[in-house]
Amino acid sequence: MAVSFSSIPPASSVFAAYASVSAFIMLIQTMLNQLVPRQVQQYVLNMIHRYFRPRTSNATIVVEERDGMSGNEVYTAAETYLCTKIRPNIERLKISKRHKDVGVNIKFAQCEKIADFYEGVELEWRFVHEERKKTSKVIDEDTDNVLIESEKRYFELCFDKKHKEMVLDSYIPFVLERAKVIKAEKKIVKLHTLACAASYASSIVWDSINLEHPSTFDTLAMDPGQKKSIIDDLDRFVRRKEFYRKVGRAWKRGYLLYGPPGTGKSSLIAAIANYLKFDIYDLELTNVKRDSDLRKLLLRTANRSILVIEDIDCTVELPDRKGPDRKGQSAGPDGHGHSHRPRDHQFTLSGLLNFIDGLWSSCGDERIIILTTNNKDKLDPALLRPGRMDMHIHMSYLTPDGFKLLASTYLNLHDDDHNNHPCFLEIEDLINDMHVTPAEVAEELMKSDDADVALDGLVNFLKCKKKTDPPNAASVKQINDDADGDEERKAKEVMGDTCDSLRK
Ligand SMILES: Nc1ncnc2c1ncn2[C@@H]1O[C@H](COP(=O)(O)OP(=O)(O)OP(=O)(O)O)[C@@H](O)[C@H]1O
Ligand SMILES: [Mg+2]
């Protein structure tokens, strides 16, 4: 924490004290001039000044914008925090907005005083802005460029000396924490994808854009209980920093999202990112050729992020850890396949597992890893065990509850409309009786701005679909009720039975 601490006297007491002492000092100075050499004179005068310096009950912490050439986090946090405390009496402010910013950024433009209260204690901040006597070099933290600065900016935090410990141990951490929250609220979530680097040295790098996906938990049609348990799990995860440290685990969590296409797996990922304000790293496995690439990429991901591997079962041919892999290569002595090629020249399942929960995975904090698949059964069980994939989330076909949510987000129809609208009961019966994905229904609801027209279109669509897809209400219900793998298998058996009986 780059703060410097000094005592400053309040102006009134300083003047009073110095007025009475200055005559005495002048007298001493005249005597010394005649008797002793100049250095000795200076030394004696300094001692007298120090002795007579007025005692004050105030203390000041100086928080400079720069710590050497780099920025000072306390300064940035104070600036962010104090901009929420601006009063109408402030006359001059600076505002700016870069392309990627959500709202305008406010900064102080001239020396200002800002009052704050913390645990009943009054604190006074002063923003000070002055010309430097000589220019100085600094590093721009956004671009890493060296800049020349001719101004010096700092905050002074003044308070009663007796609160010094409280300010340093409690108030400053509070300001840092508050600034983090304020920044998180304004943060734009980024989507990082893989791109080929221009240089040969590192062939694959992350490229980033703003995540513009508007999906949130409010717009996701899924079982309300399941939705709540995901949100609770995320909340628990982010507040458990100490817990993870105490039990000696890397602060990370793995989610497996599985279910048919169009049931909202990717939308759920976006909703999680928007909820936590975590950046997404979309790891397209087909672009990763070697385990060493994987390690490099992991090292270049930031904390508080979500690493996503979509369609894990089909994006890459993962060699089996035990027997021969799908390309017919035999397992190596370590049981990881590829005995004929140097290990580092291939991308292996064991590389991926190491990546998910081996030592490599612990090189960051607050990491979430999400795998998605349409075929959970195809995945190696090693990939799915707790600790790797801690929570298995089944995204399934649309239920009547899910339909109500889509009707309210797409057509602005709420509970009362549901009871009164002639189509609703029919649609709910049809949905109960068939496999239809939220994506299919959402597509139909978007076809008209007129709710009646859109709902009529949906009824027709569902009726047509029902003719081609045989009714199997029991199986749909079973699949949607069961969230874990074993239960899902049972549901598929029920479904198989139903299809068999239909075929007969
Ligand atoms: N559960 C849902 N709630 C709300 N909208 C949904 C839901 N599922 C799908 N949709 C809508 O359908 C579109 C496609 O969904 P999404 O891409 O999330 O499905 P997916 O399960 O990832 O499919 P795939 O397995 O093909 O990748 C979304 O843009 C969204 O509009
Ligand atoms: Mg998807």
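The first residue of the sequence shown is numbered 1, and numbering continues consecutively from there. This one's a predicted model, so the numbers in the text were calculated from it and none came from an experiment. Both counts, for ligands and for their atoms, begin at 1 and track the order of listing.
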Purely on distance, is any nitrogen or oxygen of [X] under 3.5 Å from one on ligand 1?
X	value
Ala221	yes
His213	no
Pro438	no

Looking at Asp232 and Lys228, does any basic side-chain N land under 4.0 Å from a carboxylate oxygen?
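Answer for the salt bridge query: yes.
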Heavy-atom nearest neighbour in the protein, as seen from [atom], with distance rounded to 0.1 Å:
atom	result
atom 9 (C) of ligand 1	Gly262 O, 3.4 Å
atom 31 (O) of ligand 1	Tyr410 OH, 3.5 Å
atom 26 (O) of ligand 1	Pro261 CB, 3.5 Å
atom 5 (N) of ligand 1	Leu406 CD2, 4.1 Å

Who passes side-chain contact (heavy atoms from CB on, under 4.5 Å) against Lys447, sequence neighbours left out?
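With neighbours one apart ignored, the set is Glu444.
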Restricting to side-chain contact (heavy atoms from CB on, under 4.5 Å), what partner residues turn up for Arg178, sequence neighbours left out?
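Counting only residues at least two positions away or on another chain, Arg178 forms a side-chain contact (heavy atoms from CB on, under 4.5 Å) with Tyr81, Phe174, Val181, Ile182.
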Proximity flag Phe217 to ligand 1, non-hydrogen atoms under 4.0 Å
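Phe217 does not count as a contact of ligand 1 under the 4.0 Å cut-off.
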Check if Thr437 has a non-hydrogen atom at a distance under 4.0 Å from any atom of ligand 1.
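Thr437: no contact with ligand 1 (<4.0 Å).
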Between [Y] and [X], is there a side-chain heavy-atom distance shorter than 4.5 Å?
X	Y	result
Leu298	Tyr281	no
Leu411	Leu406	no
Tyr275	Thr216	no

Tally, protein N/O/S atoms nearer to the Mg ion (ligand 2) than 2.8 Å
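If we list every protein N, O or S atom nearer than 2.8 Å to the Mg ion (ligand 2), we get 1.
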According to the side-chain hydrogen bond (donor to acceptor under 3.5 Å, both in side chains) rule, which pairs have a member within residues 264-274, sequence neighbours left out?
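Only Ser266-Glu310 qualify under side-chain hydrogen bond (donor to acceptor under 3.5 Å, both in side chains).
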State whether Phe217 and Lys227 meet the cation-pi test: NZ (Lys) or CZ (Arg) under 6.0 Å from the six-membered ring centroid, and within 45° of the perpendicular axis.
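No, Lys227 does not lie over the aromatic ring of Phe217.
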Show the atoms of ligand 1 that are less than 4.0 angstrom away from any heavy atom in Thr219.
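Near Thr219, the atoms of ligand 1 are 3 (N), 4 (C).
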